[in-house]
Number of protein chains: 2
Amino acid sequence: MSNVKGKGHCQSCQIRHLSIFAQLPTVRLVEIQAFQPSVVIYAPDETVYHQGDPAANAYTLRKGLVKLTKTLPNGRTQIVRVLRTGDLFGFDGFASEPYNHTATPLSEIEVCRLPLGELMELKKQNPEIENTMMRRWIQHLRQAEDMMLELGAKKASERLASFLIRWCEGTGGSWVVLPLSRGEIGELLGLTIETVSRFLSDWKRQGFLNEQRGSIQIQSVDGLRKVACASGNC
Amino acid sequence: MSNVKGKGHCQSCQIRHLSIFAQLPTVRLVEIQAFQPSVVIYAPDETVYHQGDPAANAYTLRKGLVKLTKTLPNGRTQIVRVLRTGDLFGFDGFASEPYNHTATPLSEIEVCRLPLGELMELKKQNPEIENTMMRRWIQHLRQAEDMMLELGAKKASERLASFLIRWCEGTGGSWVVLPLSRGEIGELLGLTIETVSRFLSDWKRQGFLNEQRGSIQIQSVDGLRKVACASGNC
DNA sequence: CGGCTCATTGATGCCGATCAATTATAGTGG
DNA sequence: CCACTATAATTGATCGGCATCAATGAGCCG
C-alpha cells in the first residue's frame, strides 16, 4: 500500500524550483504555515488514483516517473502523458470533475499530496501560483496537440523515432534512462509490442542506437531523424 | 481579407453567457470601458492565425465553426479541435509561446479579437475570468486526452462511429449540421477520405444514419454504438 | 535449476492506405 | 436554362504496413 512518509516542508523542499511554487517568494511560504502537504510513497504496482475517482487531491511528483493512462472496457490502454519531477497532476478537481485518467508509477515514486481545497485557497491568494499553473496548462495543451499530430498523421516508424529523439533531447548522445517496457512504448504511441521491438532491433543493428538495462543511447540522431521524416516531414 | 466589423460591446453581447466573461457581473463590465475588443469577420478561405505566428491576440468565437489544425512539412494535416460558439482560442501568448496550430473557419465566422495584454490585465483584475479560463483549460486537456485514446487505441470504424455519436449527442435523432468534408473528418480522426466515405455509405445503407447537404441524422444510435464498441469497448 | 516475465523474431492475415475510375454536386458563364 | 467546369464523394481493385498468432530466446528471482 501507499505509504505516507510525513509532512512536507515547502521551505526546505529540494524540488521546489521545479514545482508550481517556484515563483513564490520564500517569505510567503513562511506565512503559509497552515499548508502542510503530505509526502507519499507509491510502489510501481499501486496507482495514485483511478480514472473516474473523485478528484480530492492534486499531486506534485518529487521522485521517479509516472504514467497517466486511459483504458477502454476491452482493455486497450493509451498512455496520455509521462510525468517528470516537478510536474503537477490530478488537478481535474479544479474543474469540479473526477479524474480523467489513471496515474501509475513507473518506478517507486515520491509525491506531494495537495488537498484540493487548500491548494485552491493558496492559488487564490498567490497570483504567482495561479500564473505558473496557467502556463503549465497551456504547455500541456500544446503537448497534447503535438501528440494528436503524432498519433493521427504519422506512421509507426516515424512515431517511434521522433519519440526517441524527444526523449533524449538535449542529452548529446549520452545514456538516458528509459524506464518504459516495449508494451508501454506501444501504449504511448498506439503500436503493438512487436512493432516497437522490431524497429528498435532494426535500428540497433543499423547502429542508430544502443540499449542496456532500461537505458538507451542515440548514436545517430541523423539516422533516426531520417526515419522520423521518411515521408519528407519532420 | 478579414474584415473588422467594428468594436465589440460586451455589455450588450448576445453570446456573453457562453464566453469567458459569463461569470463576470455586468456592473463590472461597465467599469471596463477601456476594453473594447474588435469584432472581425473571416471567410472560409482565410485563416485567423497560423501555427508559428507570434500570439498577439486571443479570440472568442461568436458565429460559425473553426478548426484548429497542425500540419507536417509533407502536408499531412491533423485537426486537433473543432470550436463552437463561445470558445476561446489562440491563447498561447499567455505562456509566451507562438501559436501552436492554425485556426481556419469552416464557414464564414465572426470572432471577438482580444489583445493579449488587455486580456491579461483584465484577467488579473477579475478572478471570475481567471477561474472560467482555468476550468476551460482543464476541460480542453481532458478532451485532448480523450482524443488521444481515440486515435491511439481505436480502429477506423470505432473512431468514426463514436465521433458521430459525440457530434450528435443530445439531439435525440434530429438533423444536425456537420460542416466537415469527408477529408476533414479524416484529418480529425486520422483516416483517409475513402475510408470515411466507405463507412458512411455503409451505415447509410444499413439505415443507421441519413445525410443531406451538410447535415446528418442518426437513425439508430444503437447500431452505431455497436460499431463503436465492436471489440467490446464503449 | 525451474519458473516467471519480457523481448525477439518469424509467418500469416487483415485493415486501411493507395491508386484509379466513375458519379454526384455546386458553381459559372453563355 | 443548360452546357461546362471544378470540386467532392463514391466505389472498386490492389497493395502494403502493422496487427495478430506463434515459437523461441534472454534476463531475473526464488
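Predicted model, so just to flag it, every value in this text is computed and none were measured. Quick note on labels: first sequence line is chain A, next is B, and so on, each numbered from 1. Quick note: numbers below take in every heavy atom, side chains included, and nothing from hydrogens, waters or symmetry partners.
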How many whole angstroms separate atom CG of B/Leu200 from atom P of C/dA24?
18 Å

Kindly give the heavy-atom pair with the smallest separation between B/Ile41 and B/Glu46, and that separation in Å.
O-OE1, 4.2 Å

Could you check whether B/Arg159 gets within reach of a base, just the sugar-phosphate, or nothing at all, counting any heavy atom under 4.0 Å?
nothing

Rounded off to whole Å, could you give me the NZ-to-C1' distance for the A/Lys155 and C/dC15 pair?
15 Å

How close or far is atom P of C/dG16 from atom CG of B/Leu151, stated in whole angstroms?
13 Å

Tell me the interatomic distance from A/Glu211, atom CD, to C/dA7, atom P, rounded to whole angstroms.
8 Å

Which pair of heavy atoms, one from A/Met147 and one from A/Leu189, lies closest together, and at what distance?
CE-CD2, 3.9 Å

Hey, mind stepping through B/Glu211 and B/Lys204 against salt bridge (charged side-chain N to carboxylate O under 4.0 Å, His left out) and telling me if it holds?
CA-CA 8 Å; B/Glu211 196 180 28; B/Lys204 279 192 273 186; 2.8 Å; yes

Could you tell me whether B/Lys67 and B/Glu184 make a salt bridge, using a distance below 4.0 angstrom between a side-chain N and a carboxylate O?
yes

Hey, are B/Arg81 and B/His101 close enough side-chain-wise for a donor-acceptor pair under 3.5 Å?
no

With a 4.0 angstrom cut-off to heavy atoms of chain A, pull out the first and last contacting nucleotide of DNA chain D, in 5'-to-3' order.
D/dC18 to D/dC21

I'd like to check the side chain to side chain donor-acceptor pair (under 3.5 Å) partners of A/Gln51; sequence neighbours left out, ordered by chain and number.
none

Between residues 177-199 of chain A and DNA chain D, which residues have a heavy-atom gap below 4.0 Å?
A/Gly190, A/Leu191, A/Thr192, A/Glu194, A/Thr195, A/Arg198

N/O donor-acceptor pair under 3.5 Å between A/Gln78 side chain and A/Leu188 backbone:
yes

CG of A/Asp202 versus P of C/dT8: gap in Å, rounded?
12 Å

Say whether, by atom type as modelled, one donor and one acceptor occur between the side chain of A/Thr77 and the main chain of A/Gly75 under 3.5 angstrom.
yes

